Structure formats: structure tokens, C-alpha cells
Amino acid sequence: MENPMYSFWVVGFIVLHYSLCVSSDTAGEAYALFKWKVSLENTLHSNLSSWPLLPDNATDFRPNTSACSWLGISCNLAGSVVRINLTNAALKGTLQGFSFSSFPNLAYIELTVNELYGTIPPGIGQLSKLVYLDLSTNQLTGVIPQEIGLLKNLQTLHLVKNNLNGSIPQEIGLLRSLSVLALYSNQLSGPIPASLGNLSNLSYLYLYNNSLSGSTPPEIGNLSSLVELSVDTNSLTGPIPATLGNLTNLTVLFMFDNQLSGPIPQEIGNLKNLNQLSFQTNQLSGSIPKSLGGLTSLTLLHLYLNDLSGPIPPELGNMKSLDDLELHENNLNGTIPASLSKLSNLELLFLRDNQLSGSIPPEISNLTKLTILQLATNQLTGQLPQGICSSKKLQRFSVNNNFLVGPIPKSLRDCTSLTRVRLEYNQFIGNVSEAFGVYPDLDFIDLRGNKFHGELSANWGRCSQLATLWIASNNLTGTIPPELGHATKLQALDVSSNRLEGEIPKEFGDLTSLGRVDLSNNQLSNAIPTELGSLTNLDYLDLSRNRLNQSIPANVGSFRRLNFLNLSNNQLSGRIPVEISWLITLSQLDLSYNLFSGDIPPQLSNLQDLMLLNISHNNLTGEIPTTFEQLRGLQDVDLSNNKLVGPVPNIEAFQEANLEANMGLCGNVTGLQLCGSSKKHDSGKSAKILKIVLPIVGAAALLCASFFTFFYYPKSKRSSEKGSDVGTEKLVLISVIDGKTMYEEIVQATENFDETHCIGKGGSGSVYKAELSSGNLVAVKKFHSLYHGDIVGQKEFQNEIRALTEIRHRNIVKLHGFCSHARHSFLVYEFLPRGSLANNLKDDEAARKLDWDKRLNVIQGVIRALSYLHHGCTPPIVHRDLSSNNILLDWYFEAHVSDFGTAKLLNRESSNWTSLAGTYGYLAPELAYTMKVTEKCDVYSFGVLALEVIKGSHPGDILSSMSTNDETALNNMLDQRVSAPSPEVQEKLVAVINMAFSCIRADPHFRPSMQIVSQILLN
């Protein structure tokens, strides 16, 4: 038997001997750690404060103790450092001062959740025994060093949530021991290295939330040990490799939010252990494989926001573990399979925004755990099943935008867990007060566009959480119940376009959270209650088309946030209250078709945000206040059918205003006489006016003459009069820039249109930047030759002039002049220094400057421009080529719509057939088969553009089947280059996204007009 004392002395000797051998090494490790500490910035406020301090006045210092007792340091028996764990230690500094070569036995490094910045040093490859490396949640930048491939023993590599860029080094494929590779939430780009397929021990691969591109390497299918694979939220393209079907141990497969295309491989059905599968937000096409029905362990299946087609496979009903099935926003057709009723664990069922038809299967009542059911925007017919609310847990329910008929099932009254209900735009019938009960948690209900009758129920006032109540466009009668005033959380109320009568309840004054109220187009009577003055959060108020009388209450001035006020088509009388001038955020004011009398308050000039002013068809007298010349933002003015006299304000909006049936008005406006000069004391003033007016009239005459000459001068004569010398060639030119002809100067400024001055090229010509002798910068769009049979080019040139000479709007590029010449035909525009919206979104730095407020402002500018073109021009103008390339930005990021070469002036008396024109990806789908141009073509393009502005890139053709959705996954739509929006801005972005989805509905009849878009989004 071995002597225990002998064993003790042997072991002791070995340890002592080993300690003596490595004592110098351990001292070197302590010194290396101490030097790194000294290099950091805030050691006094970090966990390293427990480490030795540098003595005063010392330039060098070597600790005389082992580092093994220091916080976060662990050693082996020999006293050599094997682990550094300083997680969440408030470290700030770099790794450049860390001597990796000083730690021959270091196996674990955990420095996560600190403020480390700078690059990862290549010297990290010297840690030959490293098993675990975690530098996550810091501020590290630069590339991942290729020396990382030298860490042959590494099993776990975490570099997540930093600012690392560049590509993933191929050398990571050398780490054969690696079990976990996590690089997510960085700025990595380039392809996924095929060498990762060599990591046979890899169990977890997380590459999501980067900018990786290229196709998914099929070699990933070699990772037979893989349990979780997440490559979502990148820019991957190409197909999903069929080799992924080899990963039979896989439980999580996330590839969503990329640009993957092609079909879903049948082989995915081999992944029997799969628990979560998410391919949403790609460009996948083809049908849903029936093989997915064999994934009986699956709890989550997300295939939404793709271009999938065909029917929903009945085999999906075999996925008995499924609790979340989301197939919305595709092109799926056929009926809803009754087999889905076998998914007894299902809690979320999203089938909206497809082309599903037939009736809703009654078996759906078997889904007793359902909390959200979305079937909206399909082609469903028939009635709602009686057991639609068999799940007492049902919280959200939407079947809007279908062809459903009949009464609402009585069971809906008992579905007391409902929080959100959307039934709008169907053909439901029945008494609205009997169809719905009291829902304690309900915050949103939309019943618009149905055939409900009866009276508004007092029960709505008992829904204590109700924030939105929309029952517009039905057949409701009776009065508005005063009990509705008990719903004190109400923020939006729309009961417009019904047959409601009686008074507006005074109890509405208690609804102080109200932001939007629309009671228009009813038969409401009597006075506007003064109690409404307490609604200080209102930003939209429409009481138009009723029978309201008496005067506007003076406390209208308390609506300090009001953006939209429409009281038109009533019987309101008295004076326009001066208190309206307190509403300084007002952008639209309509008091037309009433009985107002007296003068127009000059204080209305305080409304500097006002864009629309309509006070027509009243009994107003006196002069238009001269202070209105301060309203530079005005775009649309109607003062017709009053008794106004005197001069018209000298600003653009009033020059184009409707002033009919005001016999006493005068000014430099078409249809009016110039103001007289009979008064002696006005003679000097009149002379000054003439000095201003005459040049303008002359310029206008020159414009008309040149315009006439260009369009009506015989083409044969133009062709025969070509020459080589500018002075002898026939020239049709108009430009009033600096009051002189600009042809020679523009040719000189662009050095005869040299490429060095070119700032953009298009199908019809090129755009040049020209600096005039006055110092003004202009953009010159030079067309390709218009005199060699280029009929299309001539037409585009003429279209652009026709459109822009009639347009005056701050969000439409300003035309200074044009030239039709044998050598050069061009248009002269204002120069917009920030260039096209497309280029700003493509460039990362420029895109970051386009913060959310600026992007919302860009969208609003486009809305204003299109609303003006469609509803403010006679005849209406359809742009036909709205895209991010044709939106230009000024210094203040204000949007200006440009390029009217394909614009069409709509003739309401004709069919407006045309050839296909526009930019692919923005074209309305109906143009492919009808060739009929309507304003709704522009509406579709706007929807795509709005989503592009928010997403930061074109949303893809998959969006062509989408429609309005108030439950959009906002985070999937936001440009990640811009910091997260505030809650207030986020609410606005959701509104824009919802409206954009409405604008890109496949059926143009279901798209809103730009006027409606303007009313909702500009308010």
C-alpha cells in the first residue's frame, strides 16, 4: 500500500517546483493587468478600483502581489491567470493596452456590458488556450481580425452588440471546436463565409441584425449539430438552400427580414425538431409546401410579407403544437381550410391581406385559445359564423375590407375580452345598439362603411378604455347619446355620414382626451356647445354639412392644437370670431356655405401654417385684410360669393384664388379690373405699383408668346430653319431669370453641356448644374435631340412645360424658363442642393441626417404636392412617374416633386387611355392591363414612396398586395440607420405606414384620394 505521506510530499514538491518555475510569469501577468488598468479612462469609478493603485509621482510600478486575489481574476493552482470576468464593470477604454502574449493559460475572457471602444487587436490570436471569449455590448469598431482563426480551442465566441464592420473573416471556419458563434447586432457586411460549413461542432449560429449580403451558402447544411440558426434582419438574397433540410437537430430557423427569393424548399419539412420557423418579410414566391404540415413540434410559423401564392395547404392543420400562425400579406388564394380548426393550441391567426375567398369556416369556433384573429382585406363572403367568439380570450378581431354580409352574431356581445374590433367596409346589417355589448377592455372599434341601422347605444359610454370609435357611413338615426361623455379615454370619434339629428351633447366637454372629432354629414342642429372649449387636445374638428346655427363660440380659441377646422355647409351666423386667429397650428380652415357677415378679421394673418382657406358663400363685407400678404404658406384660397371690395393681396395664393361673385374686388388677377388711381393721395403709390406690375405683365406676355410659338409654330418651318450659329438659328426661348435671355449664359456656364457639369441622367435627357453670372445656381434639364423624329422626347418636353407653367406650389420644383432650339432644348429649374431623395436614402451618412422628423416632413411635402395636382388644378394633373428619383430636397430637406415629362392632364370627358409610363416598382398594377390613367395611379406610387422613406430602401414588389394595417410590425419597417423614434413620432410613423398600405391596395377603388390622405396625415 502506497504511503500517504509519500504522496503528500510528492504532490507538494511538484506544486512548489511548478510555482517556482512560473513565479516570474505570474508577476508578469499582474504587471500586464496593471498596465491595462492604467490605460483605461475611468478606473476610479469602475470595479478596477479594488486593483492596486499607481503610487503618487511614480512613472512605473510593478505590483508585488499576485493578481489572483484581484476582483474578476481567477487563477489555476500554479497562480497563473485562467479567467478574466469583468462583466458590467463600468470599464471605459480600449484593448490596445492589453498584452495578450502575457497570458499563456488564459481560457476565459468575459468583458461584456462595458464601454470598451476601438478595434479588437490582432494580438488576441496569441491566446492559444482560449475557450470562451465574450466582448459583447460594448462600443468596439473596425473589423474582426483574421487572427481570430488561430484560437483553435475556442468553443464560444460572442461579439454581439458592438459597431463592428467589414466582412466575417473566412478564418473563423478554422475554429473546429466552436460551439456558439454570436455576431449579431453589428454592422457586418459582405457574404456569409462558406467556410462556416466546416464548424461541425457548432450548435448555435447567430448572425442577425447586420448588413450581410449575397446568398446563403449551401455549406450551412453541413452543420449537423446546429440547434439554432438566426440570420434574419440582413440583406441576404437568392434562394433558401435546400441543404438546410439536413439540419435535423434544428429547433429555431430565423431568416426573416432579408431579400430572399424563390420558393420555400420542400426539404424544410424534414426538420422534425423545429420549434420556430420564420421566413417573413422577404420576396419568397411559389406555394406553401405541404411538407410543413409534418412539423408537429412547431409552435411558431411566420411566412407573412412575401409573395407566396396558391392555397393554404390543409396539411397545416397537422401542426398540433402551433400557437402562432401568420401568413398575412401574401397572394394566397382559395378558401380558408377547415383543418385549421384542429390547431387547438392556436392563439394567433393572421390571414389578412391575401386573396382568400369563400366563407369563414364555422369550425373556427373550435379555436378556444384564440386571442387574435385577423382575416381583413381578402375576398371573403357569406356571414360571420355564430361561434366566431367561442374563444373567451379573443382580444383582437378584424374582418374589414371583405364582402361579408348579414347580421353580427349575438355571441359577439359576450366576447368581453375584446380590445380591438375592425369590421369596416363590408355589408353588415342589423341594429347597431343590439349587435354590440359592453367591453371593459375595448380601446378600438371601426364599423365604417356598412349598413348598420338603429341608434347609437349608450353602452359605448360604459367601455371605459375606449379610445377610438368609428361608425361613419352607415344608416344610423336618432341622437348622439350624452352617455358617450363617460368614455373619458376617447381620442378619436367619427360618426360622420349617417342620419343623426338633435344637438351635439354638452357632455362631450368631458372628453378632454379627444384629438379627432368628425360629426360631419349628418342632421345635427342648434348651436355648437360652448362646453367643447374644454377639448384642448383637439387637432381635427369637422362639423360640416349639418344644420348647426347661431354663432361660433368665442372659446374656439382654446383649440390651440387644432390643425383642421371645417364648419362649412351649416347655418352659422354672426361674425367670424377673432379668436380663430389664436389657432396658430391651423393648416386648413373651411367656413364656407354659412351665413357669416361683417369683415374678415385681419388677425387671421397670425395663422402662419394655414394652407387652405375657404370662406366662400357667406355675406362677408369690407376689404380683404392687407395683412394676408403675410400668409406665405397659403396654397388654396376661396373667397367667392361674398360682398368683398378693394384690392386683392399680392401673393401667389390670392392671384390664383376663386374670387367670383365679389363685384368690388380689384387687382392684377385674371377676371378683375386693375385697382383705380382716382384718389390723389394714391398717385405716388400707383406709380410705384406700375413700376412693379408692368415688368411682370411684360414677362407674362413674353412667356405666353414663347409658349404659343413653341407649341404652334409649324414643325416644318422649325426644321427648315436650323443652322449652326446661335445668332441665326430660330430660337424659342423664355426665361425671366435676372430679366434677360439666358440661352448663351447657360451654354457658357455648362461649357456647352460638358460632362463635368452633369449631375444626373434619365431616359429623356441629362441634368446639369449651372452657376449664372449673378451667382444664382440653376438646374438645367437638357433633352435629347427633339428634331430628329423623337416624337416621345418632344411630347415629354411639351408635357413638362405645359404642367409646370400652370403649377405654383412650394413642394413642386419651380420652372424658371425653357428653350426649344435646334442644338439644345432644355428646361431651367431652381437648383435643389441636396439632390434626389433616392440618393439621400442610398448613402448611409445622408440617410442618417434624414432623421424621422425630416422624413415625415418629406412625406408631408409629397402629400401637399400631389393633393394640389389632383384637387387644386383644373384639369387635374397626374404625375405618372412619382419615385424617389423624382423627389428633390432643398437645404432644409423640404421635398420638391420634379420630372413632369410623363404627366397627364386628365380630361373628365374622355377615357384617359395612355401608353405605359413610369418607374418599375412604383407603377400601379392596373396599368399593366387597363392602360387607363387616374389619380389613383399616383396614389399607389405615393404609398410605395412613403414606405421607402420609412424603410430606407424600396419596399419591394411584395407590397403590391398589401392594404391598411394598424398592427404593422413597426420595427420591421424602420430604417435601422436612424435612431429609434420617440413614442410621439412612432405614433405618426404608424399612421403613415397604415395609410401607405391603404394606398397600395390592388384595387384602385379601395385606395384613398390624396385629399383624404392629406386630411388624415397632415393633421
Side-chain angles (χ1 to χ4, degrees), residues 376 395-400 408 412-413 415-426 428 430-522 524 529 531-532 535 537-543 546 564 964 966-967 987 990-991 994 1015-1016 1019:
Q395 298 174 9
R396 296 189 174 191
F397 173 45
S398 65
V399 293
N400 49 293
I408 300 299
L412 200 64
R413 293 179 62 91
C415 204
T416 55
S417 296
L418 283 173
T419 62
R420 182 160 293 210
V421 178
R422 300 195 62 177
L423 308 179
E424 74 266 24
Y425 302 118
N426 282 284
F428 291 123
N431 191 312
V432 72
S433 61
E434 297 175 359
F436 301 94
V438 177
Y439 309 100
D441 299 316
L442 186 70
D443 63 29
F444 182 100
I445 186 163
D446 192 344
L447 309 177
R448 292 174 296 171
N450 282 289
K451 297 181 179 179
F452 290 117
H453 65 269
E455 298 186 6
L456 281 170
S457 173
N459 283 339
W460 294 120
R462 297 169 58 193
C463 299
S464 58
Q465 303 301 314
L466 191 61
T468 300
L469 176 59
W470 288 346
I471 319 182
S473 302
N474 280 283
N475 297 314
L476 305 184
T477 56
T479 60
I480 300 176
E483 291 84 357
L484 199 55
H486 298 155
T488 54
K489 292 190 177 180
L490 204 60
Q491 298 175 18
L493 173 64
D494 187 352
V495 294
S496 61
S497 299
N498 282 289
R499 291 183 288 165
L500 300 172
E501 57 188 13
E503 300 181 353
I504 299 173
K506 295 179 175 60
E507 288 77 5
F508 274 17
D510 297 329
L511 302 177
T512 54
S513 295
L514 270 176
R516 180 185 178 91
V517 175
D518 192 344
L519 310 181
S520 64
N521 201 19
N522 280 289
L524 302 173
E531 287 79 3
L532 295 189
L535 306 183
N537 288 309
L538 270 185
D539 59 33
Y540 185 102
L541 177 60
D542 193 345
L543 305 180
N546 279 290
F564 179 98
T964 184
D966 63 304
E967 295 164 18
E987 184 178 353
V990 169
N994 291 341
Q1015 289 175 355
I1016 294 176
N1019 294 303

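Given the structure is predicted, the values throughout are model-derived calculations rather than measurements.
- Considering only heavy atoms from C-beta on, Thr477 stays 4.5 Å or farther from Asn498 through its side chain.
- Between Asn474 and Val432, the closest side-chain pair of non-hydrogen atoms is not below 4.5 Å.
- Atoms CG and CG, on Asp494 and Asp542 in that order, are 8.5 Å from each other to the nearest 0.5 Å.
- Summarising the geometry of Ser433 relative to Glu455, their closest heavy-atom pair is CB-O, 3.4 Å, with the distance given to 0.1 Å.
- Using a 4.5 Å heavy-atom threshold, the side chains of Leu524 and Ile480 count as touching.
- Panel note: side chain Thr419, backbone Gln395; a donor-acceptor pair is recorded below 3.5 Å.
- Between Ser513 and Asn537 the shortest heavy-atom distance is CA-ND2, 4.3 Å.
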Can you give the donor-acceptor pairs under 3.5 Å from side chains of residues 446-454 to other protein atoms, not counting sequence neighbours?
residue : atom : partner : partner atom : Å
Asp446  : OD1  : Arg448  : N            : 3.1
Asp446  : OD1  : Arg448  : NE           : 2.9
Asp446  : OD2  : Arg448  : NE           : 3.0
Asp446  : OD2  : Arg448  : NH2          : 2.6
Asn450  : OD1  : Asn426  : N            : 3.2
Asn450  : OD1  : Gln427  : N            : 3.3
Asn450  : OD1  : Phe428  : N            : 3.1
Asn450  : ND2  : Leu423  : O            : 3.0
Asn450  : ND2  : Leu447  : O            : 3.2
Asn450  : ND2  : Arg448  : O            : 3.3
His453  : ND1  : Gly430  : O            : 3.4

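- Here ring-ring contact (aromatic ring centres under 6.0 Å, His included) pairs that include residues 464-522, with residues two or more places apart or in two chains, are Phe444-Trp470.
- In this structure, CD1 on Ile1016 lies 5.5 Å from CZ on Arg516, to the nearest 0.5 angstrom.
- Across all non-hydrogen atoms, the minimal contact from Pro505 to Pro482 is CB-CA, 4.0 Å.
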Val495 and Leu476: CA distance, side-chain angles, deciding distance, side chain to side chain contact (heavy atoms under 4.5 Å, CB included) verdict: CA-CA 9 Å; Val495 294; Leu476 305 184; 5.6 Å; no

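- Contact annotation: the side chain of Leu412 approaches that of Leu418 to within less than 4.5 Å [non-hydrogen atoms, C-beta and beyond].
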Side chain to side chain contact (heavy atoms under 4.5 Å, CB included) between Val421 and Tyr439, worked out: CA-CA 11 Å; Val421 178; Tyr439 309 100; over 6 Å; no

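- The OG atom of Ser464 lies 6.5 Å from the NZ atom of Lys489; values are rounded to the nearest 0.5 Å.
- Nearest heavy-atom pair, Ser457 versus Pro481, reported as atom, atom and distance to 0.1 Å: O-CG, 3.9 Å.
- Nearest heavy-atom pair across Glu434 and Arg413 is O-NH1, 2.7 Å.
- Interatomic distance, Glu507 CD to Glu483 CD, rounded to the nearest 0.5 Å: 8.0 Å.
- How far OG of Ser497 is from CG of Asn475: 11.0 Å, rounded to the nearest 0.5 Å.
- Annotation: side chain of Leu543 is in contact with side chain of Ile504 (closest heavy-atom distance under 4.5 Å).
- Between Leu469 and Leu484, some side-chain heavy-atom pair lies under the 4.5 Å cut-off.
- At a threshold of 4.0 Å, the pair Arg499-Glu501 does not count as salt-bridged, since none of the basic side-chain nitrogens sits closer than that to a carboxylate oxygen.
- With Leu466 as the partner, the side-chain contact (heavy atoms from CB on, under 4.5 Å) test is satisfied by one option alone out of Leu442, Asp443, Leu493, Asp441: Leu442.
- Distance OG1/Thr488 to CG/Leu511: 7.5 Å, rounded to 0.5 Å.
- Taking both residues in full, the closest heavy atoms of Glu531 and Lys506 are given as CB-O, 3.4 Å, listed atom of the first, atom of the second, then distance.
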Full working for side chain to side chain contact (heavy atoms under 4.5 Å, CB included) between Ile408 and Phe436: CA-CA 8 Å; Ile408 300 299; Phe436 301 94; 4.2 Å; yes

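- By the neighbour-count criterion of 12 heavy atoms within 6.0 Å, atom CZ of Arg462 is sparsely surrounded, having that number or fewer from other residues, nucleotides or ligands.
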